[in-house]
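In what follows, a single structure is set out as structure tokens and then discussed.
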Amino acid sequence: MPMPALDIEKIKKEIIDSQLWRSVFRGGLWKDTPRDRAGHIIGNVWLHLHPVKVRPRALKWAYSWGMGGISFALYLLLTITGVVLMFYYRPTIGLAYRDIKDLEFAVTLGMFLRNAHRWAAQAMVVAVIAHMVRVFLTGAYKKPREFNWGIGVLLLTLTLFLSFTGYLLPWDQLAIWAVTVGTNMAGATPVLGNEGPLGSLVGMRINNDVRFTLLGGTMVGENTLLRFYVMHCVAVPLVVGILLILHFWRIRKDSFSAAPYEANEEKIDVWPHLVKREYIGAAGTTIFIMIWSILQNAPLEAIANPNVTTNPSKAPWYFVGLQELLVYFDPWIAGVVMPGLIIVGLIAIPYIDTNPKGVGYYAWKERPFANTLFMLGVVMWFALIYIGYALRGPNYAWYWPWESWFMNKPAPPPTWSVFGPKGVGAYSMLIGIPLMGAIASAWMLLPKLIQKELDGKKTMGAFLGLLALWAGVGMAMGKMGAIQGGYLLFFVGASFYFGFVLPQRHIRTLDWPRYLVTMVLVVSTMSVLLKMCANLAFNIKYVLTIPAISMNI
Amino acid sequence: MSYRKAFIVSNALMLASFIWAFVKDFRAEWRPYQAKYYQMSADVLEKKAAAEKDEKKAAALKVEARKMRSSPMEIKQIIANDLGRFDRCVTCHVGMDEYTNPSLKNDFKENPYKSHPKIDEALVKAHPFTKFGCTSCHSGQGLATQVEPAHGWVKHWEKPMLKGAHIQGSCVKCHGDFENLKGAEIAAQGKKLFSKTGCQGCHAINGWGGVVSVELGDIADKPFERIAGYNFKNIVMDGKELKNEHHHNEWNLQNWILAHLVNDPAKVTPNDPFAHYNAEPIPPSGMPDFTQELSRADADAITAYLSGMTKEEVIPHRYHVSAPPAKEPALSGAAHGKFVFAKYGCQGCHGLDAKIGRRRFNAAGEKQAEYDEKMPEKEQLAQMNLGEEPTLPKLVGTYTHDELIHKIEMGVPASDAKKWSPKGPMPMVYMPAWKGKISKQELADLSTWLRSIAVKDESGF
Amino acid sequence: MSETNPNPAPEPSPEPAKPVVPAAAPVAAAPKPLAPKKDMSRGDFLWAGWGMLAAFLAATAAAGARFMFPNVIYEPSQKFNAGAAATYDLGVSTKWLNEQRVWIVRTPSGFYAMWARCTHLGCTPNWWGDQNRFKCPCHGSNYTLDGDVIAGPAPMPLWRAKVMLAATGDLIVDKAVLENKPGKREQAPYFADYAPS
């Protein structure tokens with residue numbers, strides 16, 4: 001069939017020159033000139049947060065990992081799938097579970113959307129943590145970007161909170177018990193929680209403490225579901241939105257990605273170079289989530305039953321590291337103080353890090369202390385998650401990955417406390433408090449007080465030697481086995497290296513305020529290692545216990 | 001790879017993944033079953049049309065066949081709101097959907113195409129699907145539209161479809177009278193065996209019985225979490241191990257109960273007699289081995305009975321069938337007559353043991369003064385209040401045995417009553433007709449007794 | 001995706017000045033085959049890419065629209081079984097008025113079912129047997145037994161629902177299919193013949 005010859009170019013020009021087109025898309029016919037490339041960015045509401053030009057180092061995937069953009073892409077995916085899911089979900093305990101079943105069986109693409117939402121949520125938690133690690137390793141939090149880093153930490157916390165509130169919504173056994181575990185930690189808040197230290201002194205009871213406001217009741221029930229639903233769908237996304245605006249604004253104002261380390265670095269156009277990478281990142285994320293959602297279904301257990309606790313009951317994976325900490329520490333420490341220290345510590349990092357090096361590039365040798373300790377923290381966090389997730393089975397007993405959870409495990413051995421009313425020897429509390437105080441102070445202060453840099457190898461050698469001696473004596477006396485000796489060497493040795501040798505070498509020159517803050521964070525981190533060793537190797541429950549004020553460490 | 005290529009590849013992959021997701025969702029498990037049903041039904045209709053001699057009827061059948069063949073594919077569900085059932089079984093079991101198959105009968109032999117068995121029998125007729133759904137009796141996961149999840153043979157669904165005789169446990173849930181109920185014989189047998197074999201000595205049912213072991217009054221609600229799941233591996237049913245939760249889950253409550261009756265319970269729950277895993281030694285299950293005493297049929301009967309022991313399911317009051325009333329004492333003759341007099345409430349009007357009739361407004365009685373038109377109203381009112389029901393002993397002597405029966409059967413309408421004040425209102429209370437309500441034997445005995453308490457004159461009449 | 005050249009020269013691209021959303025929304029795509037990659041010019045390459053993106057967005061939109069039509073609803077079915085035809089007396093039956101909002105009317109020749117919704121503003125009229133008419137209490141519309149308006153503000157006759165006689169002798173009423181035009185409403189499927197001898 002012969003068609004009249006169409007002059008595509010002419011038609012295009014007429015459309016683009018028309019009033020209708022011009023009123024919507026300002027700019028006219030596209031010409032690949034610097035002016036038009038700039039115009040693309042400046043004239044577009046979605047793009048104009050970008051600068052017109054950007055440093056080429058910022059474009060490298062190996063530099064930025066794309067994680068910030070991927071996090072944002074996941075956030076948009078989550079918002080869209082979330083809103084769509086809201087059409088078929090009712091947040092009451094009579095209907096929530098049924099609606100999830102309906103999404104699975106009766107709604108067009110219901111299962112796919114639910115899967116996409118869940119997997120995107122998990123991926124987003126990983127992505128924001130990866131983004132944080134990348135920003136740390138490239139020093140992009142240092143002056144003048146400290147505040148943006150702080151906003152980022154808040155965004156991380158809110159991402160975890162979003163994931164946590166969303167976890168409850170299917171109202172199955174997984175949901176109710178994970179949230180029970182998580183919110184019971186709120187009850188252990190010092191002063192504000194009814195089970196925390198000093199809480200009962202200010203009149204906190206189960207029906208008026210901070211946990212009560214979180215749950216809307218004394219236990220996870222109808223009110224909790226509604227509250228979590230509102231927080232998950234409206235309140236927290238709004239706050240995240242506001243913080244994201246601030247976060248992007250600051251990035252833009254701080255001259256965008258890849259902080260400059262040369263003056264007058266040459267820049268290249270954002271359109272198309274950055275934009276195309278962003279697109280591929282977003283498209284790749286979408287594809288990844290879609291394929292994952294097709295291949296794997298989100299879990300759904302039996303309907304929530306407050307009378308039947310699953311065995312084991314675990315928090316979502318990103319909190320199961322804290323749940324593992326609960327094995328070694330009391331709830332107020334593991335659930336409140338530690339997470340609080342982590343958050344505050346992260347926000348404090350830009351203010352205690354005075355090393356000007358390593359901004360805008362990966363500097364392994366120039367920032368030994370910062371990189372080592374930060375990565376140690378990250379590794380420990382994920383190690384705890386792994387242990388809590390994969391190595392803890394029914395009754396929270398230790399199950400190796402190859403052991404079936406149907407296997408019976410022997411009862412745990414009895415635990416003991418070192419210093420306290422039931423501790424070692426008489427008057428152990430009287431000895432214990434000053435002794436612990438002395439050790440803690442010494443540890444905090446010595447690295448700075450020793451003016452000269454100690455030889456790391458010699459110091460470590462000496463310390464390990466001491467430990468080996470202690471282990472040897474213990475084994476000879478029959479009080480310790482070889483495995484316990486090994487634990488001792490590993491954990492205590494590591495604590496000494498990361499907690500004493502490295503600070504002595506690198507931060508003894510810091511001013512006192514910064515030094516002390518850093519040491520508090522370092523010592524708290526090491527305390528986790530030490531307590532793990534004490535508990536796993538020697539069945540120590542508390543190092544120091546003062547029951548009168550329900551403070552047990 | 002250049003970004004240009006990456007652009008195309010990524011867009012292509014996005015498109016392809018989405019199509020994949022949509023196709024996967026579209027190819028739901030239920031669709032082929034429903035489609036095949038429509039085809040099969042249409043074929044049947046067309047065969048009928050071909051065999052039909054009458055042209056008009058044949059044309060009508062052909063039209064029906066065409067409509068059936070092009071029926072829309074949809075998820076069908078039965079909503080039984082009162083029972084909280086939203087059963088999508090009829091999406092595949094189309095033969096049981098009364099909108100597609102109004103007669104609820106067809107000649108197909110296999111599931112899911114065949115119609116509900118025994119559809120004409122009283123049992124199924126008494127439980128219309130629209131009112132009860134499917135899962136009220138059969139259990140299972142009504143909300144699901146895939147084969148294994150719908151039948152409940154998946155992990156985390158704790159009420160799978162009841163197999164075989166166990167379904168009679170569902171009768172027990174609503175029917176307080178299941179022990180005499182036609183269709184619930186196996187469950188009734190189960191309850192009998194439960195007492196006879198002595199289960200009640202250790203296992204109380206709703207508080208009645210021993211406390212040595214678990215209370216079974218709500219055993220059907222037992223959450224799977226409370227069963228030591230690894231013990232399922234010890235069960236041997238029909239010579240085989242039970243399939244575990246990853247494939248066609250057979251680790252369910254019915255099999256758990258059954259296992260205690262067809263296996264040695266000490267082998268099912270061996271526990272830890274040498275304290276390998278616990279602080280103290282824990283002996284195996286103390287339940288005796290009943291495998292020699294109880295046949296497999298017996299075990300199924302007891303399991304059926306126990307499957308109905310649920311407290312979680314809220315049965316609305318009007319679905320509940322109460323147990324039959326207590327048996328009447330075995331009486332005859334006048335003694336029975338006295339019992340009947342009380343049973344039907346005759347005492348309400350004629351007084352306890354028929355001694356003296358109760359009040360009857362404006363009836364002419366013995367206690368009243370003569371009627372005087374000029375009496376002031378207040379006095380008249382007082383007089384009318386003195387009217388009485390007939391005092392039977394004074395009345396019944398004048399009737400023969402059969403006359404009395406006839407009188408009771410026919411009743412006495414209010415218009416026949418003698419009024420004290422002719423101008424006054426008709427006495428409200430009257431003798432109803434008891435024909436058909438009191439049985440013949442009861443009437444005979446009633447008459448005997450009444451005449452036995454009749455006032456006798458000097459001659460004994 | 002590793003970048004080979006961190007400073008690529010800007011490539012001329014023939015797209016029109018369209019704003020691009022940097023994060024691709026996970027919207028649907030209409031089915032389209034993958035574009036072949038041999039022997040295409042760079043311009044066609046890109047058009048294929050954009051085309052597939054457009055197809056993806058369109059498909060997502062279409063799937064989204066399909067998503068918005070629920071497959072199951074928790075309302076009582078629009079179709080219901082009104083019981084055995086033989087149990088109905090001649091005249092108007094209000095048996096299903098409360099549960100289904102339908103009058104079953106039996107005439108000597110058969111049945112029809114009228115939707116008890118006034119065509120004025122949607123109230124439920126009442127059947128006044130002794131006056132042989134339906135009267136709506138809200139604004140006073142009056143209807144005959146056939147459903148025609150004889151008084152009041154109603155603009156059109158009452159709607160009749162599809163009614164069928166099943167093989168079992170039951171009446172099946174389908175309220176989803178309605179008709180009120182005289183001439184059409186007396187025919188099947190809005191009238192079920194039933195004249196037992």
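All chains are named by letter (A, B, ...) in the order of the sequence lines, taking the proteins before the strands, and each is independently numbered beginning at 1.
- More than 12 heavy atoms of other residues, nucleotides or ligands lie within 6.0 Å of NZ in C:Lys135, so this atom counts as buried by the packing criterion.
- Residue B:Phe224 qualifies as enclosed at atom CZ: its count of foreign heavy atoms under 6.0 Å is above 12.
- To the nearest 0.5 Å, atom CG of residue B:Asp25 and atom CZ of residue C:Arg66 are 9.0 Å apart.
- No more than 12 heavy-atom neighbours from other residues, nucleotides or ligands sit within 6.0 angstrom of NZ on B:Lys67.
- For B:Glu98 (side chain) and C:Asn81 (main-chain N/O), no donor-acceptor pair under 3.5 Å exists by modelled atom type.
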- Does the pair C:Val72 and B:Lys76 meet the rule for a side-chain contact (heavy atoms from CB on, under 4.5 Å), with working shown? CA-CA 8 Å; C:Val72 290; B:Lys76 301 180 198 282; over 6 Å; no
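- Heavy-atom contacts from other residues, nucleotides or ligands closer than 6.0 Å to CD of C:Gln131 number more than 12.
- Residue-environment remark: CZ (B:Phe26) stays at or below the threshold of 12 foreign heavy atoms within 6.0 Å.
- When atom types are taken as modelled, the side chain of B:Asn11 and the backbone of C:Gly49 share a donor-acceptor pair closer than 3.5 angstrom.
- If you take CD1 on B:Ile8 and CH2 on C:Trp50, they are separated by 11.5 Å, rounding to the nearest 0.5 Å.
- With a 4.5 angstrom heavy-atom cutoff, B:Ile79 touches chain C only via side-chain atoms.
- Few gaps surround CG on B:Asn111; more than 12 heavy atoms of other groups in view lie less than 6.0 Å from it.
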Given side-chain contact (heavy atoms from CB on, under 4.5 Å), test B:Glu74 with C:Asn71 step by step and report yes or no.
CA-CA 7 Å; B:Glu74 56 183 359; C:Asn71 293 322; over 6 Å; no
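- Taking every heavy atom of both residues into account, C:Phe80 and B:Tyr99 meet most closely at CA-OH, 3.8 Å.
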